[in-house]
Structures are given as C-alpha cells and as structure tokens.
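All values below come from the heavy atoms of this structure, side chains included, with hydrogens, waters and symmetry mates left out.
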Amino acid sequence: MKKLIVTFILLNVFAFAKAQIFEPFTLRYQFTPSTDVSSTDFTGFEDAERTEQQIVEAAFRYPITFGKRNAIILPELSHKIMGQRFNNWGNTVEEPSTGNLTRLFLKGVFPINEKWNILGVAAISQGINSGVDWNLSNSYYRYGAGFLINNSKGNQIGASVQYIEEIGFPAPAFIFIGTTGEGKWNYNVTFPLLSIIEYNLNDNWRLRFEERFDNDRFILDKDAGSNYNQTMLNLSLGLSYKIAKPVYLNLQAGFTPLNILTYYEDRTNDIDSVNFGIQPTFGASIYISVNPKDYL
C-alpha cells in the first residue's frame, strides 16, 4: 500500500520537480502567547492585550503535467483555522474570534523553450468569522504573472507580480526553487510571500527556516458587511526529523515582528488598524517532502 501511495504521488512529480524538493502535504500548528496592543487610533484600547493566538493550517498540492513541453498546473487547496482571545478589548470595533479561511491557489508553468517559462497564478479565498455563513459573494481574488528561468542544475529563478484584492494593489515576488551544495540546501522561495530554506544535516535531520507573510481577509459581520485583514509576518527556525520516508516532523520557534488587524467597513474602505507588539511564536508541523532522486 505504501509503495502504491508513493507511486501515485510521484506520477507527475518527476516531470514537475526535476532537481526540486516537492511538498504535496503540510499540516502545521502555530502558537503565539500574550502581547499588548502597541498602537491604534481606536479609542478604549489603552489596556487591551491579545492573550493568545493559535493557527492550524492544512495544505494539499499535486502537479498536473500536460503537453509536449510538460506544462504544469499546480493546484493547492488549503484551510486555515485561526483562534485568538483578548482582554480589555474596546467597544469601538467588534472583537474577532475564530476565523476559518479556505483558499484555492493555482499556479501554471508554461515552457517556451528549455530555459524560459511563463508563470501564471490565480487564487480564490474566503475567510469567515464565527457565526458567519459561507457565501460566494464574500470571496476575494488574487491573480498575476511572471517568468521562471531553468538553469543548468535544474533550479528555477524568476519573479512575478500578483494583484492581491485583500490589500488592493499588486505585490512583486522573487522566486528561487531548487537545491544547491550537492543537495545539502533545499530552496522553495517566493519572497516575501513564503520562503522555506532547508539544510540537510544527514539522511534523517534537517534545519528548516520559514518566512511567512500572510494577509487574510475575514468577514466579521454578515449583516453589516464589516470585515478585517489579519496581516502577519512570521520568521522561524526549526528542526525536522524523518519519521518515515518521505514524512517529516518539524518543531520550530520564531517571532512575529508584524501582526496587524485592519478593519474594513466594506470590501475596500478601511477604518483603522490595531497593531500588536513583537512576540515569540512556537510551532510544529508534519509534512511530506518528496525528493525525486530518492526514487530513481
């Protein structure tokens, strides 16, 4: 059974990954302890604090290849649950509680020749707070384009520009995907959105650095139409252990230098933000990491 599962995962991964490490599944948990409100123009937040924040997120990815040049469509389906609690929250704006966000992200890589590729991205997401029902009209969209260059070692370097409806303007990204140092270093970088860098200590252990910049919109009140963005930058360093090929367990610690709640009265008009102080984060994840070289 295990061999059949791995064979199924690898069916299109060989054409997709080349010299890359591919992660078809990730389940992660992040905990952030208490932090004060550092600044806001809302009144009544002088003694406010967020006592805790917890995030659970699962993501599934699987490449679909087609055509003579092995064009690729990479769907990614993710679901995030964010829970947070507050003390002395002011009455100016409603206190957010448990938010659920589902996102479908599509990336297309279309080769022009052996070196150059056109990159296209599109996403639809919906975040709802407790007590709000799912509704297609509450969805937010992202789309963009870019390029990828294949180098002689099978790595890919490129850039993209993606319009993010949640923030209302396009965001550039630098891309580097591949391995270096005879397989010692693994890179899956789309900076500043998500960067994962791993160093292979041996066959079982890896150091893993993650940089995540999340900007998620949640509907807060289904009747009034109010909503908020949860903007977070998290930097962490952890240690991964191979539980069973190709499954890894990771434990990590880091900090969140940017964590902001921005309230909106509708889809585009923001009211003001609540800024939280820098705080540590702790997390754990289980992920599948496929290296095609291990199965050749």
Side-chain angles (χ1 to χ4, degrees), residues 32 35-46 48-50 53-57 59 76-106 120-145 160-173 192-194 212-234 256 258-277:
T32 304
T35 181
D36 296 332
V37 172
S38 60
S39 64
T40 181
D41 287 333
F42 289 129
T43 58
F45 283 81
E46 294 79 7
E49 66 172 346
R50 188 181 62 204
Q53 182 187 69
Q54 300 187 66
I55 299 172
V56 178
E57 182 176 17
E76 176 182 309
L77 180 63
S78 62
H79 185 75
K80 178 188 295 185
I81 302 173
M82 180 182 299
Q84 45 195 349
R85 297 180 180 180
F86 303 88
N87 279 338
N88 304 314
W89 192 259
N91 297 323
T92 310
V93 289
E94 187 175 345
E95 177 182 327
S97 53
T98 302
N100 288 268
L101 184 135
T102 302
R103 175 175 287 123
L104 176 61
F105 184 88
L106 297 175
V121 295
I124 178 174
S125 66
Q126 182 166 159
I128 54 177
N129 220 55
S130 297
V132 180
D133 297 327
W134 193 90
N135 189 314
L136 186 61
S137 64
N138 291 329
S139 300
Y140 284 79
Y141 299 88
R142 303 180 181 188
Y143 50 87
S160 68
V161 176
Q162 183 179 157
Y163 178 81
I164 301 176
E165 188 181 10
E166 294 95 313
I167 58 177
F169 59 83
L193 301 177
L194 174 62
R212 292 178 176 271
F213 186 82
D214 294 318
N215 192 88
D216 301 320
R217 183 73 71 94
F218 294 91
I219 306 301
L220 187 59
D221 189 318
K222 61 181 179 180
D223 297 320
S226 61
N227 52 86
Y228 66 92
N229 270 3
Q230 181 86 52
T231 305
M232 291 187 296
L233 172 63
N234 187 68
T256 303
L258 181 67
N259 199 321
I260 304 173
L261 284 174
T262 303
Y263 280 84
Y264 288 75
E265 61 183 4
D266 52 29
R267 293 183 71 90
T268 58
N269 296 314
D270 63 292
I271 304 172
D272 200 0
S273 299
V274 181
N275 304 294
F276 298 97

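With rounding to the nearest 0.5 Å, the separation of CG in N215 from CG in L233 is 11.5 Å. Atoms OG1 and CZ, from T231 and R217 in turn, are 9.0 Å apart once rounded to the nearest 0.5 Å. Interatomic distance, CG of L220 versus OG of S226, reported as 4.5 Å (0.5 Å rounding). Atom CG of residue N87 and atom CD of residue E49 lie 4.5 Å apart, to the nearest 0.5 angstrom. T43 contributes atom OG1, which lies 8.5 Å from atom CG of N91 (distance to the nearest 0.5 angstrom). The structure places CE of M232 at 11.5 Å from CD1 of I260, a figure rounded to the nearest 0.5 Å.
Inter-residue side-chain proximity for S125 and F105 is flagged as unmet; no heavy-atom pair is nearer than 4.5 Å. For the pair W134 and N100, the minimum side-chain heavy-atom distance is 4.5 Å or more. Under the 4.5 Å side-chain criterion, counting only non-hydrogen atoms from C-beta, Q230 is in contact with L261. Side-chain contact between N229 and Y140 is absent, with no heavy atoms from C-beta onward closer than 4.5 Å. Side-chain atoms of M82 and Q53, non-hydrogen and from C-beta on, do get closer than 4.5 Å to each other. Here the side chains of I55 and K80 are in contact, with some heavy-atom distance below 4.5 Å. Between V121 and R142 there is no side-chain heavy-atom pair separated by less than 4.5 Å. Looking at R50 and T32, their side chains come closer than 4.5 Å, going by heavy atoms from C-beta outward.
Remark: of the listed residues T98, L101, I128, N227, L101 is the sole one forming a side chain to side chain contact (heavy atoms under 4.5 Å, CB included) with F218.
With sequence neighbours excluded, the residues forming a side-chain contact (heavy atoms from CB on, under 4.5 Å) with S160 are L119, A173, I175, listed by chain and number. In this view, N269 and D266 satisfy the side-chain hydrogen bond (donor to acceptor under 3.5 Å, both in side chains) rule, not counting sequence neighbours. For Q54, the side-chain hydrogen bond (donor to acceptor under 3.5 Å, both in side chains) test picks out Y29, E52, with sequence neighbours left out.
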Practice prompt. Verify salt bridge (charged side-chain N to carboxylate O under 4.0 Å, His left out) between E76 and R103, making sure each step is shown before the conclusion.
Written response: CA-CA 8 Å; E76 176 182 309; R103 175 175 287 123; over 6 Å; no
Discussion item. Working note: L258 + F213, criterion side chain to side chain contact (heavy atoms under 4.5 Å, CB included); need CA distance, chi angles, decisive distance, verdict.
Written reply: CA-CA 9 Å; L258 181 67; F213 186 82; 3.7 Å; yes
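Nearest heavy atom pair, residue N88 against residue A48, reads O-CB, 3.4 Å. Here the closest heavy-atom approach between residue P170 and residue P172 is recorded as O-CD, 4.1 Å. Nearest heavy atoms, T262 versus S273: OG1-OG, 2.9 Å. Nearest heavy-atom pair, W89 versus P96, reported as atom, atom and distance to 0.1 Å: CZ2-CD, 4.0 Å.
Look at R267 and E165 and you find a salt bridge, because one of the NZ, NE, NH1 or NH2 atoms lies within 4.0 Å of a carboxylate O, short of that distance.
Between Y263 and Y228, the two ring planes are tilted [angle within 30° to 60°].
The 12-atom threshold is not exceeded at OH of Y143, counting heavy atoms of other residues, nucleotides or ligands nearer than 6.0 Å.
Inspection of the Q126 and T102 side chains reveals no N or O donor paired with an N or O acceptor under 3.5 Å.
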